[in-house]
2 protein chains.
Amino acid sequence: MSTLILPPQATPAGLAVDVVAFAMHAGELQVLLVERGSLPHARTWALPGGFVHLNEELHEAALRELRVKTSVELEPRLLEQFYTFGAVQRDPRGRVVSVAHMAVLPHGTVKVSGGGTALGAGWFAAHSPPPLAFDHHQILSSALERLQVRLEYALLALEFLPETFTLPELQGVYEAVLNKRLDKRNFRKRLLSQGILTTSGERRSGVGRPAQLYRKASRVRMPGSL
Amino acid sequence: MSTLILPPQATPAGLAVDVVAFAMHAGELQVLLVERGSLPHARTWALPGGFVHLNEELHEAALRELRVKTSVELEPRLLEQFYTFGAVQRDPRGRVVSVAHMAVLPHGTVKVSGGGTALGAGWFAAHSPPPLAFDHHQILSSALERLQVRLEYALLALEFLPETFTLPELQGVYEAVLNKRLDKRNFRKRLLSQGILTTSGERRSGVGRPAQLYRKASRVRMPGSL
DNA sequence: ACAAAAGTGTTTCTAATACACCCATGT
DNA sequence: ACATGGGTGTATTAGAAACACTTTTGT
């Protein structure tokens, strides 16, 4: 396997990544956007993203762009590629394909600020975003769909919360992501019957009756075991 | 929105597409492979694919590569992007990302031959393929998973068959894709209760009792209608 | 007549839904 | 005491799964 050069028909397209980073704030599903500081679309809100470096894996590039452009410090709890947007005219500068990633940031990720070429960064309601640069509105819609599909599957909702949380908080994540109300009793039945939560024995105070705290079960219960 | 040139940090990576084209032959799920005629991996089986042209949409490139490399003439019944493989070292020639597509070819797609740089083309058992070039084994596995997930959803199984077909044939598609046996009675109940099939009134002859022919319902029955 | 493949019903179990009241705490 | 939010149980329905024999044709 000798090292060859790319053949002449290889298109030197620009290779970019964009990141749709979700988090829960104020009981709402929010998405992290940056204000572009350079052309095209200067001073327009956009998804954090940029060009992939030559010796950088796609997910590394996504992580780097997220960190540099928004100054978030916490590790994303999930970061996965979900679709590649490659329409010929999607970027006025030339042929640029963007491998779009979806990220979930844990609770506590609030402070963000611009970095690199971004003038600023901020959180916006994911279901009603401001006007966005390029085809980023399409990318966001597509990410929302994927997030909704993956919510049940794979305990994804837990990634939005701190280590311990109450059932009403967890239900809030479901409702914010699915953008609809759920029945409290059925929700609890469904979640608890899966055996993936254990009570943390403690209670959190506030207005009204305190809620039981839960955490992810250290070892997931197999069907048939106690 | 003026036309700018790509900034210096834009990586000129090679942009390729690969196509995992499935079809049913001899009661088995098969995948279309080509024998590479040039380096690297010359004389190794690989997925049909190649570089995207500068003014070509991704799905157009996938369709072109499928046609040129394998000489298939029929239109794919489904052709959709499913994942982008971009590991830095996946191609010894340099940085090449491949937007992988999954295709379903209808019944009757049998004759294939090499074209372009492909020495030959052929059908192989999708669940036990020969050794493949690059990371194509991983791409194939990934496509199989996606195919299985999408099988129920969207009447995908019908795309493997000719316009009219028998229920045992349809069940054969499910069994071949899922790689497991299904119960005949439950299968028929499930499919017929969806109201998406109508009998074609005719019967096909062969060994044993002839089977009823079906076709996709011209207008899908809505819940509540007759 | 027999071999081969198509066709057919019932029972059981599980999961989803709809729905209304009592409980524990802070003020 | 009351306002606030947390917690609980039952009945109904729909879909999934398990399971064996009869029918129609060609030879």
Side-chain angles (χ1 to χ4, degrees), chain A residues 24 26-28 148-149 151-155 157 161-162 164-178 180-215 221-225, chain B residues 24 26-28 148-149 151-153 155 157 161-162 164-215 221-225:
Chain A
M24 287 291 299
E28 182 181 66
Q148 291 175 344
V149 168
L151 185 64
E152 309 283 335
Y153 194 62
L155 316 183
L161 297 170
T164 63
F165 50 88
T166 68
L167 278 184
E169 283 167 353
L170 184 57
Q171 184 175 346
V173 174
Y174 274 78
E175 293 183 336
V177 170
L178 299 176
K180 68 174 184 189
R181 302 299 311 270
L182 300 174
D183 181 277
K184 191 165 46 160
R185 290 161 288 192
N186 294 336
F187 179 79
R188 299 168 82 89
K189 229 180 308 174
R190 191 155 58 83
L191 265 289
L192 294 176
S193 73
Q194 289 176 238
I196 56 183
L197 301 183
T198 52
T199 72
S200 184
E202 313 179 23
R203 286 163 172 275
R204 179 172 301 172
S205 190
V207 184
R209 173 173 174 177
Q212 181 69 242
L213 284 175
Y214 290 85
R215 63 174 71 241
R221 200 166 311 172
M222 287 290 118
S225 77
Chain B
M24 287 291 300
E28 182 181 65
Q148 290 175 346
V149 168
L151 184 63
E152 308 282 335
Y153 194 64
L155 315 182
L161 296 170
T164 63
F165 50 87
T166 67
L167 279 184
E169 282 167 354
L170 184 57
Q171 184 174 346
V173 174
Y174 274 78
E175 292 182 338
V177 170
L178 299 176
N179 209 17
K180 70 174 182 189
R181 302 301 310 270
L182 300 174
D183 181 278
K184 190 163 50 159
R185 288 160 291 190
N186 293 335
F187 179 80
R188 300 169 82 91
K189 231 179 308 175
R190 190 155 59 83
L191 265 288
L192 294 177
S193 72
Q194 289 177 236
I196 56 182
L197 301 183
T198 53
T199 70
S200 184
E202 313 179 22
R203 287 162 171 275
R204 180 171 300 171
S205 190
V207 184
R209 175 174 173 175
Q212 181 69 241
L213 284 175
Y214 290 85
R215 64 175 68 239
R221 202 167 308 174
M222 288 289 116
S225 76

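By convention in this document, chain letters (A, B, ...) are assigned in the order of the sequence lines, proteins followed by strands, and residues within each chain are numbered from 1. Everything numeric here is computed off the predicted structure, so don't read it as measured data.
The 5' end of DNA chain C is approached more closely, in terms of each residue's nearest nucleotide, by B/R203 than by the other of B/R203 and A/G206. Along DNA chain D, the nucleotide nearest to B/R209 and the one nearest to A/Q212 differ in position, and the one closer to the 5' end is contacted by A/Q212.
Looking only at side-chain heavy atoms (C-beta outward), B/L213 and B/T199 stay at 4.5 Å or farther from each other. Side-chain contact between B/M24 and B/L161: absent, with no pair of heavy atoms (C-beta onward) separated by less than 4.5 Å. A heavy-atom distance below 4.5 Å is not found between the side chains of B/K184 and B/L167.
When each of D/dA16, D/dG6, C/dA24 is scored by its nearest atom to the side-chain atoms of A/A211, the top-ranked nucleotide is D/dG6.
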(request) Go through the steps to decide whether A/Q194 and A/L192 satisfy the test side chain to side chain contact (heavy atoms under 4.5 Å, CB included), and finish with yes or no. (result) CA-CA 5 Å; A/Q194 289 176 238; A/L192 294 176; over 6 Å; no

(message) What verdict does the side chain to side chain contact (heavy atoms under 4.5 Å, CB included) test give for A/E169 and A/T166, after you've listed the backbone C-alpha separation in whole Å, the side-chain angles of each residue and the deciding distance to 0.1 Å?
(response) CA-CA 5 Å; A/E169 283 167 353; A/T166 68; 3.3 Å; yes

(request) Kindly indicate, with the supporting measurements, whether the criterion side chain to side chain contact (heavy atoms under 4.5 Å, CB included) is fulfilled by A/E28 and A/E175. (result) CA-CA 9 Å; A/E28 182 181 66; A/E175 293 183 336; over 6 Å; no

Polar-atom pairs under 3.5 Å, protein N or O versus N or O of nucleotides 8-12 of chain D: list them with distances, or write none.
{"residue": "D/dT10", "atom": "O4", "partner": "A/K189", "partner atom": "NZ", "Å": "2.6"}

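A/L170 contributes atom CG, which lies 10.5 Å from atom OH of A/Y214 (distance to the nearest 0.5 angstrom). Taking CZ of A/R188 as the reference point, atom CD of A/Q171 lies at 8.0 Å (rounded to 0.5 Å).
For the segment residues 173-180 of chain B, the set of residues with a heavy atom within less than 4.0 Å of an atom of DNA chain C is empty.
Between the C1' atom of D/dG7 and the CD atom of A/E169 lies a distance of 15 Å, rounded to the nearest Å. Note: CZ (A/F187) to P (D/dG6) measures 12 Å, nearest angstrom. If you measure from atom CG of B/L167 to atom C1' of C/dA5, you get 13 Å, rounded to the nearest angstrom. Nucleotide D/dA16 holds its P atom 13 Å from the CG atom of B/L182, rounded to whole Å. Put simply, CG on B/L191 is 15 Å from C1' on C/dA6, counting in whole angstrom units. In this structure, B/R204 atom CZ and C/dG7 atom C1' are separated by 17 Å, rounded to whole Å. Straight-line distance from the CD atom of B/Q171 to the C1' atom of C/dT8: 14 Å, rounded to whole Å.
With hydrogens and angles left out, the side-chain atoms of B/S200 and B/R215 include a donor and acceptor closer than 3.5 Å.
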